[in-house]
Amino acid sequence: MPRQTSGHFTYANWEEREVGPSERYPRLGHASVTNTFTGGIEATDTTCEYTIAYGTETTGTFTGMEVLAGRLDGREGTFVVEERGSFDADGTVCTFEVVSGTGTGELAGLRGTGSFTARHGEPSCAYTFAYDLG
């Protein structure tokens, strides 16, 4: 049975640049992001890279990879999650999954999925994460 944990994360830094023509939509963007996680996942200064497809100025989808180094419910290690989501004028909805084979240290064998919903203008975002250590 998977374990459940939750907490919050805060965007520590967001640097975005346009990729390709930007005169109209649709268009692509790339964002390098740093987050800080608290709660069940404790990780500061994560490394996250997103590719963003904008349909309009305020709507689109994204995919990304994020490296989290720290602790998961007290167990120390590192793992990578693949993220997929969409956004509109109200906010962002995202699901993520641990990339197989990326757990290290006490997180070796980690598998899991999670999600978050972020509202524009809020400094932190709640997440949920269901996992097992195989």
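Bear in mind the structure is a predicted one, so any value in this text is a computation, not a measurement.
Under the salt bridge (charged side-chain N to carboxylate O under 4.0 Å, His left out) criterion, R84 pairs with E82, sequence neighbours left out.
Within the 4.5 Å cutoff, side-chain heavy atoms of Y131 are placed close to those of D73. You'll find the side chain of V99 reaches within 4.5 Å of the side chain of M65, heavy atoms only.
Across all non-hydrogen atoms, the minimal contact from L110 to F79 is CD2-CG, 3.5 Å. Considering all non-hydrogen atoms of both residues, G29 and V19 come closest at C-CG2, 4.0 Å. Nearest heavy atom pair, residue T113 against residue F129, reads O-CD1, 3.3 Å. G40 and T5 make their closest contact through CA-OG1, 3.0 Å (heavy atoms, listed as atom of the first residue, atom of the second, distance). Pairing each heavy atom of T117 with each of C125, the nearest pair is O-SG, 3.3 Å. A pairwise comparison of heavy atoms in H8 and S124 identifies CD2-OG, 4.0 Å as the closest pair.
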Can E66 and T47 be said to form a side chain to side chain contact (heavy atoms under 4.5 Å, CB included), step by step? CA-CA 5 Å; E66 185 164 14; T47 300; over 6 Å; no
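Looking at S115, its side chain never comes within 3.5 Å of a backbone N or O of C94 through a donor-acceptor pair. At distances below 3.5 Å, at least one donor-acceptor pair connects side-chain atoms of T56 with backbone N or O atoms of T58. A distance-only check finds no donor-acceptor pair linking the side chain of H120 to the backbone of T92 [under 3.5 Å].
No path of Ile, Leu, Val, Met, Phe, Trp and Tyr side chains, each step under 4.5 Å between heavy atoms, connects L107 with V80, placing them in separate hydrophobic clusters. The cluster map of Ile, Leu, Val, Met, Phe, Trp and Tyr, joined by side-chain heavy atoms under 4.5 Å apart, puts L68 and W14 in the same cluster. If you chain together hydrophobic residues whose side chains sit under 4.5 Å apart, V67 and V33 never meet in one group. Residues I52 and V93 do not share a hydrophobic cluster, clusters being chains of Ile/Leu/Val/Met/Phe/Trp/Tyr side chains in contact below 4.5 Å.
Side-chain contact of T34 with D45: a donor-acceptor pair under 3.5 Å is absent, judged by distance alone. For the residue pair E15/S32, the side-chain donor-acceptor check at 3.5 Å is not satisfied. Between the side chains of E83 and Y50, at least one donor N or O sits under 3.5 Å from an acceptor N or O. A donor atom on one side chain and an acceptor atom on the other are not found under 3.5 Å apart for E16 and H30.
The aromatic ring centres of Y54 and F87 sit less than 6.0 Å apart. Aromatic pair Y127/F37: ring centres closer than 6.0 Å.
If you take CG on N13 and OG1 on T36, they are separated by 10.5 Å, rounding to the nearest 0.5 Å. Taken to the nearest 0.5 Å, the OG1 atom of T63 stands 11.0 Å off from the CD atom of E49. To the nearest 0.5 angstrom, E42 atom CD is 12.5 Å from R75 atom CZ. Atom OG1 in T44 sits 15.0 Å away from atom CZ in F9 (nearest 0.5 Å).
Residue pairs satisfying the side-chain hydrogen bond (donor to acceptor under 3.5 Å, both in side chains) criterion with at least one member in residues 96-111, sequence neighbours excluded, are listed as follows: R111-D132.
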